[in-house]
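Order of appearance sets the numbers: ligands from 1, and atoms from 1 within every ligand.
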Amino acid sequence: MTVSLDDLPLRDDLRGLRPYGAPQAPLPVALNVNENTHPVPEKVASDILDDIAVALRDVNRYPDREFTELREAFAGYLGHDLVAANIWAGNGSNEVLQHILQAFAGPGRTVFGFAPTYSMYPLLAQGTGATWVAGVRHPDYELTVDEAVAQVLEHDPDVILLCAPNNPTGTPLPLDVIEAVYEAARGIVIVDEAYQEFAPKDSPTALTLLEGRPRLAVSRTMSKAFAFAGARVGYLAADPAFIDALRLVRLPYHLSALTQAAAIAALRNAPIMLAMVDEIVAQRDRISATLEALGYEPHPSWSNFVLFGGVSDPAATWRALYDRGVLIRDVGIPHHLRVTAGTEAETTAFLDALASIGSAS
Ligand SMILES: *Cc1c(COP(=O)(O)O)cnc(C)c1O
């Protein structure tokens with residue numbers, strides 16, 4: 001007899017849910033999960049490996065539970081007068097977000113975001129037993145101060161997740177909206193800046209708003225700009241009291257000694273690790289321009305991906321690209337698909353494959 005999930009005494013609030021499931025297919029051109037498709041430079045990889053080798057000698061002992069050296073390194077990277085006491089980290093920013101929701105959401109509480117937004121937010125909220133509440137955006141996915149504030153006042157959430165720039169749309173979020181949402185909110189406000197390094201160089205970060213706002217946290221990740229998705233390292237900056245709340249819910253020694261060593265070495269090489277960002281931004285802009293020429297409707301993006309409309313049958317286009325060895329993402333928005341900016345060669349492969357399918361409807 002085959003056992004199914006329905007046969008197990010699963011939590012009632014998890015029944016019927018589906019796990020996160022971006023396809024992991026071994027295609028030659030994978031542009032579906034917004035990774036940095038450039039490998040870690042050889043010189044940096046060997047530097048990281050040296051540090052991992054040293055850490056390995058002490059791996060019989062538990063690692064530094066407070067990952068102090070890593071927190072100092074993140075504070076140095078972020079700047080804005082931040083110190084180690086302002087920093088938290090986890091195995092990917094998904095774990096960091098989970099820590100926040102474990103501490104500030106949970107059963108009987110609500111977590112709010114402006115949809116469409118990052119598909120993990122509802123799953124992370126539900127995982128802690130909280131209820132996900134989806135707000136709305138303009139058809140162009142932008143948000144004005146008044147509309148954002150009105151929705152926050154209406155729903156009065158315990159936790160608000162603001163994705164800036166927003167995934168899957170690429171839309172930037174002005175700081176005045178974040179400030180107004182914070183003022184209107186009673187609860188925690190998280191600004192998820194997973195793609196901040198791909199925004200225009202002079203664009204302000206929500207890190208500038210942290211001072212005097214103890215309910216605000218700004219999360220970042222090494223998965224995208226740093227080309228470190230497989231290492232699983234995310235982090236955030238907030239008031240030291242906010243960090244104390246996260247210590248209540250993390251597992252002891254949650255960041256392995258090898259992860260800490262790898263991340264510290266990568267941060268020491270930050271300028272080299274981030275050297276491909278400009279190239280990726282150039283490919284992103286090339287994707288937008290070419291999509292437009294092909295008759296599609298790309299949305300403005302401050303990230304390393306482009307969401308484009310004007311796709312008559314997204315499932316069919318997705319499949320036709322798949323058959324040509326190119327994996328992109330159907331994010332479930334009608335008549336839209338999302339593509340990550342890859343290397344110049346990968347980007348060319350995507351654009352050529354799309355052009356060969358025929359132009360937009
Ligand atoms: C990719 C992404 C992350 C990063 O997740 P990790 O767990 O750090 O790999 C976080 N937030 C958003 C919106 C993302 O798109």
Side-chain angles (χ1 to χ4, degrees), residues 19-24 30-37 40 67 70 74 77-78 87-102 111-125 127 132 134 137 141 143 159-173 178 189-199 205-206 217-237 246 250 254-256 259-260 262-263 266-267 273 277 280 284 299 301-307 328-329 331-333 338-342:
Y20 175 85
Q24 287 198 299
L31 302 174
N32 66 327
V33 286
N34 300 341
E35 293 150 332
N36 185 331
T37 68
V40 172
F67 45 101
L70 178 58
F74 278 130
Y77 169 69
L78 290 178
I87 305 294
W88 189 248
N91 296 282
S93 63
N94 271 272
E95 187 181 53
V96 170
L97 297 174
Q98 185 178 52
H99 286 162
I100 300 174
L101 298 183
Q102 285 177 314
V111 181
F112 176 89
F114 296 97
T117 190
Y118 187 36
S119 63
M120 276 305 299
Y121 295 159
L123 293 177
L124 288 165
W132 169 254
R137 295 168 181 267
Y141 307 121
L143 274 173
V159 178
I160 299 171
L161 283 156
L162 302 175
C163 193
N166 187 48
N167 182 7
T169 63
T171 321
L173 184 64
I178 298 170
V189 178
I190 307 162
V191 184
D192 181 347
E193 292 191 343
Y195 299 96
Q196 179 67 26
E197 286 92 347
F198 300 103
T205 149
V218 180
S219 77
R220 298 273 187 104
T221 179
M222 295 187 79
S223 293
K224 310 290 160 59
F226 271 92
F228 227 42
R232 310 304 300 125
V233 189
Y235 55 106
L236 69 68
L246 307 181
R250 62 99 175 272
H254 69 286
L255 274 180
S256 90
T259 301
Q260 294 184 40
L267 284 167
M273 295 285 280
V277 165
I280 293 165
R284 174 198 73 200
H299 294 271
S301 172
W302 280 19
S303 60
N304 68 341
F305 56 84
V306 178
L307 179 76
I328 69 167
R329 190 77 171 269
V331 291
I333 300 177
R338 190 194 71 189
V339 62
T340 308

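- When only interatomic distances are considered, the shortest N/O to N/O separation between Tyr195 and ligand 1 falls below 3.5 Å.
- Once rounded to the nearest 0.5 Å, the distance linking CG of Leu143 with CG of Leu162 reads 8.5 Å.
- The contact set between ligand 1 and Gly92, taken as ligand atoms under 4.0 Å from a residue heavy atom, comprises 6 (P), 7 (O), 8 (O).
- Nearest non-hydrogen protein atom to atom 3 (C) of ligand 1 is Lys224 NZ, 3.3 Å.
- Polar contact with ligand 1: absent for Asn91 (N/O pair, distance under 3.5 Å).
- At a heavy-atom distance under 4.0 Å, only side-chain atoms of Arg232, from C-beta outward, approach ligand 1.
- Ligand 1 is approached by Cys163 to a heavy-atom distance shorter than 4.0 Å.
- Not a single N or O atom of Glu95, backbone or side chain, sits closer than 3.5 Å to an N or O atom of ligand 1.
- A donor-acceptor contact under 3.5 angstrom links the side chains of Arg338 and Asn167, judged on distance only.
- Inspection of the Thr171 and Asn166 side chains reveals no N or O donor paired with an N or O acceptor under 3.5 Å.
- Judged by distance alone, the side chains of Asn94 and Tyr118 do bring a donor and an acceptor atom under 3.5 Å apart.
- Comparing Ala164, Ser223, Ser93, Gly234 by heavy-atom distance to atom 4 (C) of ligand 1, the nearest is Ser93.
- Under a cutoff of 6.0 Å and an axis angle of 45°, Arg137 and Phe114 do not form a cation-pi pair.
- Here the rule is side-chain contact (heavy atoms from CB on, under 4.5 Å) with Thr169, and of Val306, Leu307, Thr117 only Leu307 fits it.
- Distances from ligand 1 to the non-hydrogen atoms of Asp192 include at least one value under 4.0 Å.
- Both the backbone and the side chain of Asn94 come within 4.0 Å of ligand 1, judged by heavy-atom distances.
- Considering CE of Met222 and OG1 of Thr259, their distance stands at 11.0 Å, rounded to 0.5 Å.
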